[in-house]
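Notes to accompany the following structure.
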Amino acid sequence: MRGSLIVISGPSGAGKGTVLSRLDTIYYGLTRSISVTTRAPRKGEVEGVHYFFRSDKQFDEMLSRNEFLETANVYDKRYGTPAFYVDKLLSEGKDVVLEIDTVGALNVKAMRPEAILIFLAPPSFSALKDRLVGRGTESEEQISLRLSKTAEEIAKAEKYDYIVINDEVDMAAEHLRSIIVASHLRTVNNTDFIKDFMRR
Ligand code: ADP
Ligand code: 5GP
């Protein structure tokens, strides 16, 4: 049985990284896909753990070899999900989480309708601003750029299968866990059980 392909998006600073880390403590067996990006590593980010950091030229080479499941330009940098790794994990029955922007997420849904799209929203615009400023990883200019995209991104939430509000980290992680557990119970993911039952 293939694993579930779970896609999480939300405005920068909504808490995607924080909630996914908390989810790891209450739900085992999720594998996060590692994206390729042309942006520079932030302090503490490790090559091959947080991202594969590549030049524009290297990104172009990967594109020409058709190595991406999806790509998008986000905040003036390029990001892409390597297809090979994701498909290998899914075929091994593992659940794979993609933390990607709304353009990439909707492209994944078009190509893989079985993917589960979850939008992680902050409780309010002011909470989002406080979180981005509090994280202290972006320049003022980058923070303004990211905040300016928020309305556009939240408007796309309606196209997602689920919306989870990250007011409180534990509750948001629990909601993600519930969605993933429910995805395993979908009839489309249990056709083998039905066939085997009828045969016996
Ligand atoms: P994203 O991955 O969506 O860009 P982060 O996980 O880096 O966001 O979170 C942005 C900032 O907000 C971090 O400093 C984080 O500690 C904080 N944060 C995340 N979730 C919450 C929450 N529920 N309440 C308060 N602060 C939060
Ligand atoms: P950051 O630079 O803060 O790590 O990520 C910026 C944005 O890029 C986030 O919205 C994140 O979800 C998105 N992103 C990260 N990796 C990918 C990817 O492989 N594809 C797409 N489409 N978006 C990505």
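For this chain, numbers begin at 1 and follow the sequence in order. Start at 1 and go down the list; that is how both ligands and their atoms are numbered.
Those atoms of ligand 2 that come under 4.0 Å of a heavy atom in Gly80, given as number and element, are 18 (C), 19 (O). If you number the atoms of ligand 2 from 1 as listed, the ones under 4.0 Å from a heavy atom of Ala72 come out as 22 (N). Against a heavy-atom cut-off of under 4.0 Å, Gly17 is close to the following atoms of ligand 1: 2 (O), 6 (O). Using a 4.0 Å cut-off to heavy atoms of Pro11, the atoms of ligand 1 that qualify are 3 (O). Near Ser12, meaning under 4.0 Å from one of its heavy atoms, ligand 1 places the atoms 4 (O). Of all the atoms in ligand 1, the ones that sit under 4.0 Å from a non-hydrogen atom of Asp167 are 22 (C), 23 (N), 24 (N). Within ligand 1, the atoms closer than 4.0 Å to a non-hydrogen atom of Val169 are 20 (N), 21 (C), 22 (C), 23 (N), numbered from 1 in the order shown.
Lys156 has no carboxylate O lying under 4.0 Å from a charged side-chain N of Glu153, or vice versa, which leaves the two without a salt bridge. Using a 4.0 Å cut-off between charged side-chain N and carboxylate O, Arg112 and Asp87 make a salt bridge. Salt-bridge check for Glu61 with Arg54: failed, with every basic side-chain N at 4.0 Å or more from each acidic carboxylate O. Under the 4.0 Å criterion applied to side-chain N and carboxylate O atoms, Asp196 and Arg199 are assigned as salt-bridge partners.
The 12-atom threshold is not exceeded at CE of Met198, counting heavy atoms of other residues, nucleotides or ligands nearer than 6.0 Å.
Closest heavy-atom approach to atom 9 (O) of ligand 1 within the set Thr137, Leu120, Thr18: this belongs to Thr18. Here atom 24 (C) of ligand 2 lies nearest to Ile100 when heavy atoms of Thr81, Ile100, Thr71, Leu98 are compared. Taking all heavy atoms of Arg146, Arg22, Arg131, Met171 into account, the minimum distance to atom 24 (N) of ligand 1 is reached by Arg131.
Residue Glu70 touches ligand 2 through its side chain alone, judged by heavy-atom distances below 4.0 Å. Contacts between Asp101 and ligand 2, counted as non-hydrogen atom pairs separated by less than 4.0 Å, involve both the backbone and the side chain.
Among all non-hydrogen protein atoms, the one lying nearest atom 3 (O) of ligand 2 is Arg42 NH2, 2.7 Å. The protein atom (non-hydrogen) at minimum distance from atom 6 (C) of ligand 2 is Tyr79 OH, 3.6 Å. From the protein, the heavy atom lying nearest to atom 20 (N) of ligand 1 is Asn166 ND2, 3.0 Å. Protein heavy atom nearest atom 8 (O) of ligand 1, with residue, atom name and distance: Gly15 N, 3.1 Å. Ranking protein heavy atoms by distance to atom 9 (C) of ligand 2, first place goes to Lys16 CE, 4.5 Å. At the shortest separation from atom 7 (O) of ligand 1 among protein heavy atoms lies Arg135 NH1, 2.8 Å. Remark: minimum distance from atom 4 (O) of ligand 2 to any protein heavy atom is reached at Tyr51 OH, 2.6 Å.
When all heavy atoms of Ile34 and Val49 are compared, the closest pair comes out as CG1-O, 3.9 Å. Between Ala72 and Glu70, the shortest heavy-atom contact is N-OE1, 4.1 Å. Considering all non-hydrogen atoms of both residues, Asn107 and Thr71 come closest at ND2-O, 4.4 Å. Of all heavy-atom pairs between Pro82 and Val36, the closest is CG-CG2, 4.0 Å.
Close placement of the Phe68 and Phe59 rings is indicated, their centers lying within 6.0 Å of each other.
Here's the thing with Gly13: one of its N/O atoms is less than 3.5 angstrom from an N/O atom of ligand 1. Between Glu138 and ligand 2, no pair of N/O atoms sits closer than 3.5 Å. By the 3.5 Å distance cut-off applied to N or O atoms, Glu45 is not counted among the residues near ligand 2. Annotation: Val74 places no N or O atom under 3.5 Å from an N or O atom of ligand 2; distance criterion only.
Looking at Arg135 and Thr137, their side chains do bring a donor and an acceptor atom within 3.5 Å of each other.
Residue-ligand proximity: Phe68 is placed with every non-hydrogen atom at 4.0 Å or more from ligand 2. Proximity of Arg146 to ligand 2 is established by a heavy-atom distance of less than 4.0 Å. Between Ser12 and ligand 2 there is no heavy-atom distance shorter than 4.0 Å. Between His50 and ligand 2 there is no heavy-atom distance shorter than 4.0 Å.
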